A.B. asks: 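Submitted below is the structure of interest, expressed as structure tokens.
Because the structure is a prediction, the values reported are computed rather than measured.
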Amino acid sequence: SAAAPGPTAAAAIAATAAPRAGFWIRMGALFIDIVLISVIVSVLDTPDTFWIVALAGYGALMWKLKGTTIGGLVCGLKVVRRDGAELNWDTAIVRALGCFLSMVVAGLGFLWIVFDEDRQAWHDKIAGTLVVRTWSGSPTDTNFATAFGSIIDTGIAVPGVGASTFDPAAVDVNVHPTKREVRFSDN
């Protein structure tokens, strides 16, 4: 008889079943990474075209070591292999190089996320990866509260209106692999 999968294998398999990350949240994470790498590259005073190579190297390194990038951490995203296996160097490098293909054809490879059932970009298809949500975005989610706790606790200051408090119980976020709905209750 086959042995039950170990905790790492079970976690990897569970990750492949997590909700897929959509286009806008992935582009938000990418924007954060681009800003981060651009600042670092400008401080290092490197050639103007070096940032794209640095971005690819940073992506591959972070995907292998952490399963996500800084932008992915902020947005609650993780890169997992479609087969549930651990992300290895080969997969991370192929995915990073595949990003060039996704970008070079007028960004169509990235836009593919919108139309694909599994929300895969071309580089995800090439590398056999998925980008999944690691937290729901619900105010009751521990990761959400950690990331946005100061806003929830202190309220949001709106110029000309004053501070308005955010009631987590008034928001219901339903995350689905193909759509996202946000509903506000009338409490």
A.B. asks: Show the nearest heavy-atom pair for residues Ile37 and Ala54, with the distance to one decimal.
C.D. replies: CG2-CB, 3.8 Å
A.B. asks: Over all heavy atoms of both residues, which pair between His123 and Ser102 is shortest? Give the atoms and the distance, please.
C.D. replies: ND1-OG, 2.8 Å
A.B. asks: In this structure, would Trp112 and Val132 fall into the same cluster of hydrophobic residues linked by side-chain contacts under 4.5 Å?
C.D. replies: no
A.B. asks: Do Arg26 and Asp124 have side-chain heavy atoms sitting under 4.5 Å apart?
C.D. replies: yes
A.B. asks: How far does CG of Leu30 sit from CZ of Phe23, to the nearest 0.5 angstrom?
C.D. replies: 9.5 Å
A.B. asks: Hydrophobic clusters here meaning ILVMFWY residues chained together by side-chain heavy-atom distances under 4.5 Å, can you tell me if Ile52 and Met62 are in one?
C.D. replies: yes
A.B. asks: Any side-chain heavy-atom pair from Ile32 and Cys75 closer than 4.5 angstrom?
C.D. replies: yes
A.B. asks: Looking at Trp122, I want to see if its CH2 is surrounded by more than 12 non-hydrogen atoms of other residues, nucleotides or ligands under 6.0 Å.
C.D. replies: yes
A.B. asks: Honestly curious: do Leu97 and Leu130 fall in one hydrophobic cluster under the side-chain, below-4.5 Å linking rule?
C.D. replies: no
A.B. asks: Run the side-chain contact (heavy atoms from CB on, under 4.5 Å) test on Leu73 and Lys66 for me, step by step, so that the C-alpha distance in whole Å, both residues' side-chain angles and the decisive distance to 0.1 Å come before the verdict.
C.D. replies: CA-CA 9 Å; Leu73 285 170; Lys66 296 291 184 187; 5.9 Å; no
A.B. asks: Would you say CZ of Phe100 has more than 12 non-hydrogen atoms from neighbouring residues, nucleotides or ligands within 6.0 angstrom?
C.D. replies: yes
A.B. asks: To the nearest 0.5 angstrom, please state how far the CG atom of Leu55 sits from the CZ atom of Phe50.
C.D. replies: 11.0 Å
A.B. asks: Hey, are the side chains of Lys64 and Leu87 touching, using non-hydrogen atoms and a 4.5 Å cut-off?
C.D. replies: no
A.B. asks: Side chains of Arg82 and Gln120: does their closest heavy-atom pair fall under 4.5 Å?
C.D. replies: yes
A.B. asks: Any link between Trp24 and Val114 through a network of hydrophobic side chains (Ile, Leu, Val, Met, Phe, Trp, Tyr) touching at under 4.5 Å?
C.D. replies: yes
A.B. asks: Following the transitive rule for hydrophobic clusters with a side-chain heavy-atom cut-off under 4.5 Å over Ile, Leu, Val, Met, Phe, Trp and Tyr, establish whether Val35 and Val74 coincide in one cluster.
C.D. replies: no
A.B. asks: Could you go step by step and tell me if Leu61 and Trp89 meet the side-chain contact (heavy atoms from CB on, under 4.5 Å) rule?
C.D. replies: CA-CA 8 Å; Leu61 180 69; Trp89 281 111; 3.7 Å; yes
A.B. asks: Between the main-chain N or O of Gly76 and the side-chain N or O of Thr134, is there a donor-acceptor pair closer than 3.5 Å?
C.D. replies: yes
A.B. asks: Could you check if a side-chain atom of Thr91 sits within less than 4.5 angstrom of a side-chain atom of Arg81, using non-hydrogen atoms only?
C.D. replies: yes
A.B. asks: I want to check something: taking the side chain as every heavy atom from C-beta on, are Lys78 and Val80 in contact at a cut-off of under 4.5 Å?
C.D. replies: yes
A.B. asks: Side chains of Arg119 and Val131, heavy atoms from C-beta outward: is any pair under 4.5 Å?
C.D. replies: no
A.B. asks: Considering all heavy atoms of both residues, which atom of Ala60 and which atom of Ala96 are nearest to each other, and what is their separation?
C.D. replies: CB-CB, 3.9 Å
A.B. asks: Checking Leu36 against Tyr58 for the side-chain contact (heavy atoms from CB on, under 4.5 Å) test, could you report, in this order, the C-alpha distance in whole Å, the side-chain angles of both residues, the deciding distance, and whether it holds?
C.D. replies: CA-CA 10 Å; Leu36 176 69; Tyr58 157 80; 3.8 Å; yes
A.B. asks: Would you check if Ile25 and Leu77 make a side-chain contact, meaning some heavy-atom pair closer than 4.5 Å?
C.D. replies: yes
